[in-house]
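Everything quoted here is computed from the prediction, not taken from an experiment.
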Amino acid sequence: MNDSKDLTDLDAPTGNVGGGALRGVGIGCGVLVAVPVLLVLGLLVTYSVQRGTPEDYERVAPQAMMTRIGDVSRESYEVLGFETAVGSDASSDFCYPDGLESMADEPVDGAYSLSHRWSVDGVSESGAASALKRLHRHLKDGGWDIDSYENDTDAVYGLELRASRGGPSDDGGDIRAVFEWRDHDGRFEGGVHSPCAYDPDAQPGSEPATEAGSEVEAPELRP
């Protein structure tokens, strides 16, 4: 009888340990399931908040924005020192929100961005290098951020200068300037791109202002 009682007593803790282990596994699985669910819920809440918050774009009429970036093009062209007058083109593009909203790939209603582009043919490599060197110094002294500068005459793909300057808003507020020379055709190209902005004449809930580029007058550039 004593031996039987001893065996029973020995078996009891084994059963308790097994039950505790199963409960621990259950709790662990519950935590593993709950964490991804909470993460998804957090992302959904963040997405909803961002969708309900308008982008922090400046409100600027398209022609006023074209004048602004056209002035940058005009000043840059004068510094480059080319001796011919050239025409230029204006174009517009969609604006897309940042953050989680970007997953929807939907342009912002009533918003636009403008580009002002021009080109000069028959520019030699040495002439392009000298022109970019002057402009690089001018933009840097004027407080522009130099994003890239390739002025090596042995460069495989040509010469390039890219610069940017912060605008009045924190949301896509940079003005970007790009100047390139490609050795396959001797063409020097320049372009200034505006930050995103709301068209003040656009009605709430209107479509993106994709026609802004066709409604503005681009300036002519002169030496």
[X] [atom1] to [Y] [atom2] distance, which is reported to the nearest 0.5 Å:
| X | Y | atom1 | atom2 | result |
| --- | --- | --- | --- | --- |
| Glu215 | Leu114 | CD | CG | 10.0 Å |
| Tyr112 | Asp93 | OH | CG | 13.0 Å |
| Leu80 | Trp181 | CG | CH2 | 14.5 Å |
| Lys133 | Leu161 | NZ | CG | 13.5 Å |
| His136 | Asn151 | NE2 | CG | 8.5 Å |
| Tyr96 | Glu106 | OH | CD | 9.5 Å |

I would like to know whether Glu75 and His138 meet side chain to side chain contact (heavy atoms under 4.5 Å, CB included); could you show each step before the answer? CA-CA 10 Å; Glu75 181 180 344; His138 176 78; 2.6 Å; yes
Of the non-hydrogen atoms in [X] and [Y], which two are nearest, and what is the gap between them?
| X | Y | result |
| --- | --- | --- |
| Ala131 | Phe82 | CB-CZ, 4.2 Å |
| Val192 | Ser73 | CG2-OG, 3.1 Å |
| Ala61 | Pro200 | N-CD, 3.5 Å |
| His116 | Leu221 | CE1-CD2, 4.2 Å |
| Ala163 | Leu139 | CB-CD1, 4.0 Å |
| Met66 | Pro219 | SD-CD, 4.2 Å |

Should [X] and [Y] count as side-chain neighbours, where that means a heavy-atom distance under 4.5 Å?
| X | Y | answer |
| --- | --- | --- |
| Val120 | Tyr77 | yes |
| Val108 | Phe94 | no |
| Asp199 | Pro62 | yes |
| Leu135 | Trp144 | no |
| Ser113 | His193 | no |
| Arg137 | Asp141 | yes |

Measure the acute angle between the ring planes of Phe188 and Trp118, then classify it against the limits of 30° and 60° as parallel, tilted or perpendicular. parallel
For [Y], does its backbone N or O pair with a side-chain atom of [X] as donor and acceptor, under 3.5 Å?
| X | Y | answer |
| --- | --- | --- |
| Ser92 | Gly213 | yes |
| Asp185 | Arg187 | yes |
| Gln63 | Glu217 | yes |

Side-chain H-bond candidate by donor/acceptor type, Asp174 with Ser164, under 3.5 Å: no
Given the rule that I, L, V, M, F, W and Y join up when any side-chain heavy atoms are under 4.5 Å apart, are Leu132 and Ile146 in one cluster?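 Both belong to a single hydrophobic cluster.
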Between Ile69 and Val178, is there a shared hydrophobic cluster once you connect ILVMFWY residues whose side-chain heavy atoms come closer than 4.5 Å?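 No; Val178 is not reachable from Ile69 via cluster members.
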What residues, two or more places apart in sequence or in another chain, satisfy side chain to side chain donor-acceptor pair (under 3.5 Å) together with Ser76?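 Checked Ser76 against side chain to side chain donor-acceptor pair (under 3.5 Å); zero matches.
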Stepwise side chain to side chain contact (heavy atoms under 4.5 Å, CB included) check, Arg117 with Ser88: CA-CA 6 Å; Arg117 294 185 175 91; Ser88 55; over 6 Å; no
Before giving the answer on salt bridge (charged side-chain N to carboxylate O under 4.0 Å, His left out), spell out for Glu150 and Arg162 the whole-Å C-alpha distance, their side-chain angles and the decisive distance to 0.1 Å. CA-CA 9 Å; Glu150 179 56 74; Arg162 293 176 179 266; over 6 Å; no
Do Arg134 and Glu78 sit within salt-bridge range, that is, some charged N less than 4.0 Å from a carboxylate O?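 No.
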Arg68 bridged to Glu58 by N-O distance under 4.0 Å: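 Between Glu58 and Arg68 there is a salt bridge, with a charged N closer than 4.0 Å to a carboxylate O.
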Glu220 and Val86: side chain to side chain contact (heavy atoms under 4.5 Å, CB included), yes or no, with the steps? CA-CA 6 Å; Glu220 184 179 10; Val86 296; over 6 Å; no
